[in-house]
There are 2 protein chains.
Amino acid sequence: MTLFWAKGYHATSLKDLEAALNMKPGSIYAAFHSKEALFRATLDRYAGRMTAEMQAMIQSSPSPLAALQRHLEGLSELTPCSRPSTACMLVKSLLEVPQDGDLRSFITAHLDRVEQVIGAALRAAQAKGELPPSVDTARLARRVQTYIFGLKVQAQRETDPQRMHDLCQDLAAEIGRLPQSSSTEGSQSETAGT
Amino acid sequence: MTLFWAKGYHATSLKDLEAALNMKPGSIYAAFHSKEALFRATLDRYAGRMTAEMQAMIQSSPSPLAALQRHLEGLSELTPCSRPSTACMLVKSLLEVPQDGDLRSFITAHLDRVEQVIGAALRAAQAKGELPPSVDTARLARRVQTYIFGLKVQAQRETDPQRMHDLCQDLAAEIGRLPQSSSTEGSQSETAGT
DNA sequence: GATTATTTTGAGCGATCGTTCAAATTACAT
DNA sequence: ATGTAATTTGAACGATCGCTCAAAATAATC
């Protein structure tokens, strides 16, 4: 997973995998069926850990909204050293994989699941009165996910930590501003009927 | 450029390029020195067009801020058919290329230039009184760019157009909300001294 | 039109790609 | 200890990778 995450699917060769897994080609193909199947398995593992980490973070906090905020702020501490890549493996793979194909839908399915987790957190926040009942949580979830995507891409530019910190603060503040402001009131009505 | 944009660097083979350019390998290596050099040239072309398009869009409008808003809203019409890829070629390449290397810094340099263009638009908006003098335009520029990154990644998931439209509206509305709200007032002071 | 410079050609280079499979090894059951 | 099943090994496969270069074709110059 580390290899695929850091180097991407194409740039990771079986030679690399043999060394990392300490397995000869035959064993690899006995355990997994192909390089692509192994890649899928790593995507599963990555997505599983990501969603688990996210859910744990949310459930550990009394305020789901604050948890999401802290998560965004925490993205400022993405150093190229600690993780294989500061970018999201799912996003990296999404952009690398062919436009239409099994792998693409496989990845989008995982992204949908992550979005659902964010949506659940927002619904919980709504239930606790942190958010007005009028907000479209599914729509807001996608927006929060979009923030995360953007931030993790920016983290790849490894500029000075201060700017990254400021950026995360700004986007986290967006979420914090949601409770008091009727932020989506105007456009919300567009989808109110559906 | 179309090929690299759509398929990425690694997935584009010289066979593909020979067919697209209608050139034999020898001619390609006479014109460009290597596959990587050709890739760099396409990145130059892409970034050049992107910045030009962005500047034209800004200068054609009396309100730079409204132009940026319209740009974000326009991202909802990113169809997988019209362009080689709905994703930004620079972002795609940034995520594909090795962590440290010439290519990486080459790409980030281009991203910096795009960010500068956005920053210039914001400064122009500030000069016209569309933005309070207190806002850190450089910092805001990065935030706008982060929105664009996130949106173009989301566009890769080709879900129903309505949701994409809503998402773009939401992020464009963020920009629209900047003039009246002292949005960055609290965190702004953190970098005010530098 | 002859001569020189430039460009294009495409076969083919060594390397590496993902993958296979018969043989060797290890683990397990009796 | 013996036989059987499961696993690992690593050489080698065909295909493709990015790339080279002598020869052929074309363009430019006088």
Side-chain angles (χ1 to χ4, degrees), chain A residues 1-47 84-85 87 89-107 110, chain B residues 1-47 84-85 87 89-107 110:
Chain A
M1 188 192 80
T2 294
L3 262 178
F4 278 131
W5 188 0
K7 307 182 60 173
Y9 176 66
H10 281 111
T12 302
S13 71
L14 270 177
K15 279 269 157 62
D16 296 328
L17 294 170
E18 290 171 33
L21 299 172
N22 196 26
M23 290 166 97
K24 308 304 172 196
S27 300
I28 295 180
Y29 278 81
F32 320 93
H33 299 302
S34 63
K35 182 192 176 186
E36 184 180 312
L38 173 54
F39 181 54
R40 284 174 125 99
T42 65
L43 284 175
D44 274 332
R45 167 165 291 210
Y46 175 88
S85 169
M89 186 184 178
L90 291 175
V91 170
K92 264 187 91 157
S93 305
L94 179 75
L95 296 187
E96 185 179 0
V97 142
Q99 216 89 25
D100 28 45
D102 298 343
L103 260 180
R104 172 66 70 118
S105 44
F106 182 81
I107 294 168
H110 274 306
Chain B
M1 187 191 79
T2 294
L3 261 178
F4 278 130
W5 188 1
K7 307 181 62 174
Y9 176 66
H10 281 112
T12 302
S13 71
L14 271 177
K15 280 268 156 63
D16 296 330
L17 294 170
E18 290 171 32
L21 298 173
N22 196 27
M23 290 166 97
K24 309 303 170 196
S27 300
I28 295 180
Y29 278 81
F32 319 94
H33 300 302
S34 64
K35 183 192 176 186
E36 184 180 312
L38 173 53
F39 180 54
R40 285 173 125 100
T42 65
L43 284 174
D44 275 332
R45 168 165 293 209
Y46 175 88
S85 168
M89 186 183 179
L90 291 175
V91 170
K92 265 187 91 159
S93 305
L94 179 76
L95 296 188
E96 185 179 358
V97 143
Q99 217 88 24
D100 27 46
D102 298 342
L103 259 180
R104 173 66 69 117
S105 43
F106 182 81
I107 293 168
H110 275 308

Please write out each protein N/O paired with an N/O of nucleotides 16-20 of chain C under 3.5 Å, distance rounded to 0.1 Å.
{"residue": "C:dC17", "atom": "OP1", "partner": "A:Ser13", "partner atom": "OG", "Å": "3.4"}
{"residue": "C:dG18", "atom": "OP1", "partner": "A:Thr12", "partner atom": "O", "Å": "3.4"}
{"residue": "C:dG18", "atom": "OP1", "partner": "A:Lys35", "partner atom": "NZ", "Å": "2.5"}
{"residue": "C:dG18", "atom": "OP2", "partner": "A:Leu14", "partner atom": "N", "Å": "2.9"}
{"residue": "C:dT19", "atom": "OP2", "partner": "A:Tyr29", "partner atom": "OH", "Å": "2.2"}
{"residue": "C:dT19", "atom": "OP2", "partner": "A:Lys35", "partner atom": "N", "Å": "2.9"}
{"residue": "C:dT19", "atom": "O5'", "partner": "A:Tyr29", "partner atom": "OH", "Å": "2.9"}

Is there side-chain contact between [X] and [Y], with heavy atoms separated by less than 4.5 Å?
| X | Y | value |
| --- | --- | --- |
| B:Phe4 | B:Leu17 | yes |
| A:Leu103 | A:Pro98 | no |
| A:Met23 | A:Glu18 | no |
| B:Asp44 | B:Phe106 | yes |
| B:Met89 | B:Thr42 | yes |

Atom-to-atom span, CG of B:Leu21 to P of C:dT9 - whole angstrom:
12 Å
Over 12 foreign heavy atoms within 6.0 Å of NE2, A:His10
yes
Quick one: do B:Glu96 and B:Lys92 make a salt bridge, cutoff under 4.0 Å?
no
Do A:Lys35 and A:Tyr9 meet the cation-pi criteria used here (NZ or CZ under 6.0 Å from the six-membered ring centre, within 45° of the axis)?
yes
B:His33 and B:Tyr29 aromatic centres sub-6.0 Å
no
Walking along DNA chain D from 5' to 3', note the first and the last nucleotide with an atom under 4.0 Å from a heavy atom of chain A, and give both.
D:dT8 to D:dA11
For DNA chain C, what is the dot-bracket line, given that a base pair needs Watson-Crick (N1 to N3, plus N6-O4 or O6-N4) or G-U wobble (N1-O2 and O6-N3) geometry with both distances under 3.5 Å, and | means paired with another strand?
.||||||||||||||||||||||||||||.
For a side chain to side chain contact (heavy atoms under 4.5 Å, CB included) check, start with the C-alpha distance between B:Tyr46 and B:Ser93, then their side-chain angles and the critical distance, and finish with the verdict.
CA-CA 12 Å; B:Tyr46 175 88; B:Ser93 305; over 6 Å; no
